[in-house]
Undergrad: 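Before anything else, here's the structure in question.
Hydrogens, waters and symmetry mates are skipped; everything else that's a heavy atom, side chains included, is used.
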Amino acid sequence: MDIRAVAMGVIFVVMWASAFTSTRMIVTEAPPLLSLALRFSISGVIGVAIALAMGQTWRSLSRAQWRAVVILGLSQNALYLGLNWVAMQWVEAGLASIIAATMPLMVAFIGWFVLGERLRMQGVLGLALGLAGVAIIMSARLQGGSDLTGIILCFAAALALAIATLTVRGASSGGNVMMIVGLQMLVGAATLAVVGLAVEDWEVTLSAPLIWAFLYTVLVPGLAATWVWFLLVQRIGAVRAATFHFLTPFFGVTIGAAILSEQIGLTDLLGVGVVMAGILLVQLSKAPVAAGPVRRPQS
């Protein structure tokens with residue numbers, strides 16, 4: 001993996017992990033689903049405008065790309081982020097980032113246990129470590145009073161993200177990356193607006209932290225991180241790109257503690273370390289086995 005790909009992966013993870021902190025700042029002051037629908041509306045319009053300025057067009061998208069755009073918009077934006085934003089009214093940013101990072105473990109487990117895919121011993125060990133790490137963290141957090149409903153919603157969101165991740169390769173192949181980014185956000189915005197208007201009231205007291213958190217979430221985790229992710233997948237493939245998810249718990253907990261003064265206990269640190277090790281082992285187990293002389297993996 002070249003230096004540029006590594007830099008892109010780390011940048012993506014930092015932007016992705018920071019979204020949990022900015023989201024926490026938003027949902028404690030505004031209705032989550034309507035706020036998220038507004039975020040996606042703005043991000044989607046900006047994304048489509050940038051794509052048009054770059055000469056991209058939705059007319060050239062293939063049927064597979066359109067299908068992937070709809071699936072991404074529904075599973076990644078509406079389900080994953082919708083559930084996460086609702087849950088984070090009660091769940092801390094660091095904990096939400098840890099749960100979200102279990103997505104690669106879910107993908108590996110479903111492929112191995114449900115679909116019968118072969119998983120190397122390294123991957124099985126990674127699954128066991130990941131489960132142990134999550135158990136350590138959840139035990140401490142539940143004893144500390146963390147909201148069980150919010151935690152369940154976060155895990156449901158991670159499952160939706162796992163489904164979305166399986167469609168990324170189909171969405172990013174064939175070019176028009178920024179157009180795809182903008183369109184899938186508009187799909188999420190439309191879905192969330194319908195649900196949000198049915199269950200929420202728009203009651204917001206504007207403040208400087210809320211405005212800055214919202215703008216940051218629109219521009220950085222919303223547009224920039226999604227764009228970098230698609231470019232990373234195009235460069236090194238979905239499996240290798242997903243390896244960087246193992247860094248999400250570390251950055252998520254660190255950013256939450258630095259900005260929101262969230263407490264980090266020794267048990268949290270232990271659990272985060274075990275989860276990170278498990279995710280890394282699972283992702284590394286998916287790498288092709290070298291035969292003969294070691295060669296640079298092909299994307």
Undergrad: Which ILVMFWY residues can you reach from L131 by hopping between side chains whose heavy atoms are under 4.5 Å apart?
TA: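 Members other than L131 - counting any ILVMFWY side chain reachable under 4.5 Å - there are none.
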
Undergrad: So do S285 and M121 actually touch side chain to side chain, heavy atoms under 4.5 Å?
TA: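 No, too far: nothing below the 4.5 Å cut-off.
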
Undergrad: Can you confirm whether T102 sits close enough to F155 that some side-chain heavy atom of one is under 4.5 Å from a side-chain heavy atom of the other?
TA: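 T102 vs F155: side chains touch.
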
Undergrad: Honestly curious: do V272 and V10 fall in one hydrophobic cluster under the side-chain, below-4.5 Å linking rule?
TA: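 Both belong to a single hydrophobic cluster.
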
Undergrad: In the single-linkage hydrophobic clustering (I, L, V, M, F, W, Y; side-chain heavy atoms under 4.5 Å), do L197 and L33 co-cluster?
TA: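 L197 clusters together with L33.
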
Undergrad: Provide the full list of side chain to side chain donor-acceptor pair (under 3.5 Å) pairs with a residue in residues 177-199, sequence neighbours left out, each pair given once.
TA: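 Listed once each, the pairs are N77-Q184.
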
Undergrad: Could you check whether any side-chain heavy atom of S35 comes within less than 4.5 Å of a side-chain heavy atom of V27, counting everything from C-beta outward?
TA: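 Of all side-chain heavy-atom pairs linking V27 with S35, none is under 4.5 Å.
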
Undergrad: If Ile, Leu, Val, Met, Phe, Trp and Tyr residues are connected whenever their side-chain heavy atoms lie under 4.5 Å apart, and connections chain through other members, are I152 and V86 in the same group?
TA: yes

Undergrad: Would M179 and L52 count as a side chain to side chain contact (heavy atoms under 4.5 Å, CB included) if you check the C-alpha gap in whole Å, the side-chain angles of each, and the deciding distance to 0.1 Å?
TA: CA-CA 8 Å; M179 180 60 69; L52 291 173; 3.8 Å; yes

Undergrad: Please name all residues satisfying salt bridge (charged side-chain N to carboxylate O under 4.0 Å, His left out) with R141, sequence neighbours left out, ordered by chain then number.
TA: E92, D268

Undergrad: Tell me the side chain to side chain donor-acceptor pair (under 3.5 Å) pairs involving residues 9-21, sequence neighbours left out?
TA: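 Only S18-Y216 qualify under side chain to side chain donor-acceptor pair (under 3.5 Å).
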
Undergrad: Taking it one step at a time, do M54 and I50 satisfy side chain to side chain contact (heavy atoms under 4.5 Å, CB included)?
TA: CA-CA 6 Å; M54 295 170 63; I50 293 174; 3.7 Å; yes

Undergrad: For L105 and G130, which heavy atoms make the closest approach, and how far apart are they?
TA: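 Shortest heavy-atom contact: CD1-CA, 3.6 Å.
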
Undergrad: Counting only heavy atoms from other residues, nucleotides and ligands, does the tally under 6.0 Å from CH2 of W90 exceed 12?
TA: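 Check passes, neighbour count above 12.
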
Undergrad: Please report the interatomic distance CH2(W66) to CD1(I180), rounded to the nearest 0.5 Å.
TA: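 W66 atom CH2 to I180 atom CD1 measures 9.5 Å (nearest 0.5 Å).
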
Undergrad: Can you tell me how far the CG atom of L81 sits from the CE atom of M88, to the nearest 0.5 Å?
TA: 10.5 Å

Undergrad: Provide the closest heavy-atom pair for P221 versus A19 in the form atom of the first, atom of the second, distance.
TA: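 Closest approach of P221 to A19: CB-CB, 3.4 Å.
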
Undergrad: Side chains of T23 and N84: closer than 4.5 Å at any heavy-atom pair?
TA: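 Contact flag for T23/N84 side chains = no.
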
Undergrad: Quickly, which of V282, L284, L280 forms a side-chain contact (heavy atoms from CB on, under 4.5 Å) with Q122? Name it, please.
TA: L284

Undergrad: Determine whether M185 and L223 make a side-chain contact, defined as any pair of heavy atoms from C-beta on separated by less than 4.5 Å.
TA: yes

Undergrad: For G9 and L232, which heavy atoms make the closest approach, and how far apart are they?
TA: CA-CD2, 3.8 Å

Undergrad: Distance from L183 atom CG to L61 atom CG, nearest 0.5 Å?
TA: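 Rounded to the nearest 0.5 Å, the CG-CG separation comes to 6.5 Å.
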
Undergrad: Can you name the nearest heavy-atom pair linking V91 to A96, along with the distance?
TA: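 Minimum heavy-atom separation between V91 and A96: CG1-N, 3.9 Å.
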
Undergrad: When rounded to the nearest 0.5 angstrom, what is the spacing between CG in L79 and CD in Q76?
TA: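 Reported value, rounded in 0.5 Å steps: 11.0 Å.
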
Undergrad: Counting only pairs under 3.5 Å, give me each side-chain donor-acceptor contact of residues 247-264, with atom names and distances, residues two or more places apart or in other chains.
TA:
from, atom 1, to, atom 2, distance (Å)
T248, OG1, H245, O, 3.2
T254, OG1, F250, O, 2.7
E262, OE1, G94, N, 3.0
E262, OE2, A93, N, 2.8

Undergrad: Which pair of non-hydrogen atoms, one from F20 and one from A100, has the smallest distance, and what is that distance?
TA: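 The answer is CZ-CB, 3.5 Å.
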
Undergrad: Do the side chains of V45 and L219 join up, straight or via other hydrophobic residues, at under 4.5 Å, putting them in one cluster?
TA: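 Yes; L219 is reachable from V45 via cluster members.
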
Undergrad: So, for L186 and V48, which heavy atoms are closest and what is the spacing to 0.1 Å?
TA: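 Heavy atoms only, the tightest pair is CD1-CG2, 4.1 Å.
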
Undergrad: Could you check whether any side-chain N or O of Q65 sits under 3.5 Å from a backbone N or O of S62, counting only pairs where one atom can act as donor and the other as acceptor?
TA: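 Here the side-chain-to-backbone pair exists.
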
Undergrad: Mind checking whether S146 and I151 have side chains closer than 4.5 Å, heavy atoms only?
TA: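 The answer is yes, as the side chains (C-beta and beyond) meet within the 4.5 Å cut-off.
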
Undergrad: Measure the shortest side-chain to side-chain distance between I136 and T267 over non-hydrogen atoms and say whether it is less than 4.5 angstrom.
TA: yes

Undergrad: Is there a path of hydrophobic side-chain contacts, each under 4.5 Å between heavy atoms, that joins V274 and M103?
TA: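 Each belongs to a different hydrophobic cluster.
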
Undergrad: Out of curiosity, L129 CG to L281 CG, how far, rounded to the nearest 0.5 Å?
TA: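 L129 CG to L281 CG: 6.0 Å, rounded to 0.5 Å.
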
Undergrad: Show me the donor-acceptor pairs, under 3.5 Å and distance only, between side chains in residues 202-215 and residues at least two apart or in other chains.
TA:
from, atom 1, to, atom 2, distance (Å)
S207, OG, L210, N, 3.4

Undergrad: Flag the pair W85 / I26 as yes when at least one side-chain heavy-atom distance between them is below 4.5 Å, and no otherwise.
TA: yes

Undergrad: Could you give the distance from CZ (R24) to CG (L95), rounded to the nearest 0.5 Å?
TA: 10.0 Å

Undergrad: Spell out, as yes or no, whether a donor-acceptor pair under 3.5 Å connects the side chain of Q89 to the backbone of P32.
TA: no

